[in-house]
Amino acid sequence: MEQKTNIYNIIGKNIKKYRKQKGITQRQLAEENFLSDSFIAKLESVTFQTISIDTLEKIAISLNVDISKFFEEDDK
């Protein structure tokens with residue numbers, strides 16, 4: 001049976017991708033959204049970390065990306 005990637009891993013990888021595209025640091029993203037640096041680091045390092053839809057939406061807005069982009073699996 002095919003192993004399904006954890007949704008939080010997909011979200012974390014996408015947050016990292018869009019943050020780097022915008023050219024900001026984890027700290028800048030954290031500060032912009034009133035989050036801790038370690039929270040962003042854990043999200044991006046695909047360490048299991050839950051995240052609320054509200055927080056995800058705030059991050060999406062600060063990265064100028066539609067929230068749905070965080071759920072897209074990379075086929076590579």
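Residue Ala60 comes nearest to Asp66 through the heavy atom pair CB-C, 4.4 Å, listed as atom of the first residue, atom of the second, then distance. Minimum heavy-atom separation, Glu72 to Ile10: O-CG2, 3.5 Å. Summarising the geometry of Gly23 relative to Gln28, their closest heavy-atom pair is O-OE1, 4.4 Å, with the distance given to 0.1 Å.
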Residues Ile24, Leu63; criterion side chain to side chain contact (heavy atoms under 4.5 Å, CB included); working and verdict: CA-CA 9 Å; Ile24 62 172; Leu63 293 176; 3.9 Å; yes
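Once rounded to the nearest 0.5 Å, the distance linking OG of Ser38 with CZ of Arg27 reads 10.5 Å. Summarising the geometry, atom CG belonging to Asn9 is positioned 9.0 Å from atom OG belonging to Ser45; distances are rounded to the nearest 0.5 Å. Interatomic distance, CG of Asn64 versus NZ of Lys69, reported as 13.5 Å (0.5 Å rounding). Interatomic distance, Asp54 CG to Asn33 CG, rounded to the nearest 0.5 Å: 12.0 Å. Atoms NZ and CD, from Lys42 and Gln26 in turn, are 12.0 Å apart once rounded to the nearest 0.5 Å.
Side-chain contact between Ile59 and Tyr18 is absent, with no heavy-atom pair separated by less than 4.5 Å. Here the side chains of Leu56 and Ile15 are in contact, with some heavy-atom distance below 4.5 Å.
Tested against Leu35, the residues Thr55, Ile51, Leu43, Leu29 include a single side chain to side chain contact (heavy atoms under 4.5 Å, CB included) partner, Thr55.
Placement of Ile7 and Phe70 within a single hydrophobic cluster is found when ILVMFWY residues are connected by side-chain heavy-atom separations under 4.5 Å, directly or transitively.
Heavy atoms of other residues, nucleotides or ligands lying less than 6.0 angstrom from NZ of Lys17 number more than 12. Residue-environment remark: NZ (Lys22) exceeds the threshold of 12 foreign heavy atoms within 6.0 Å.
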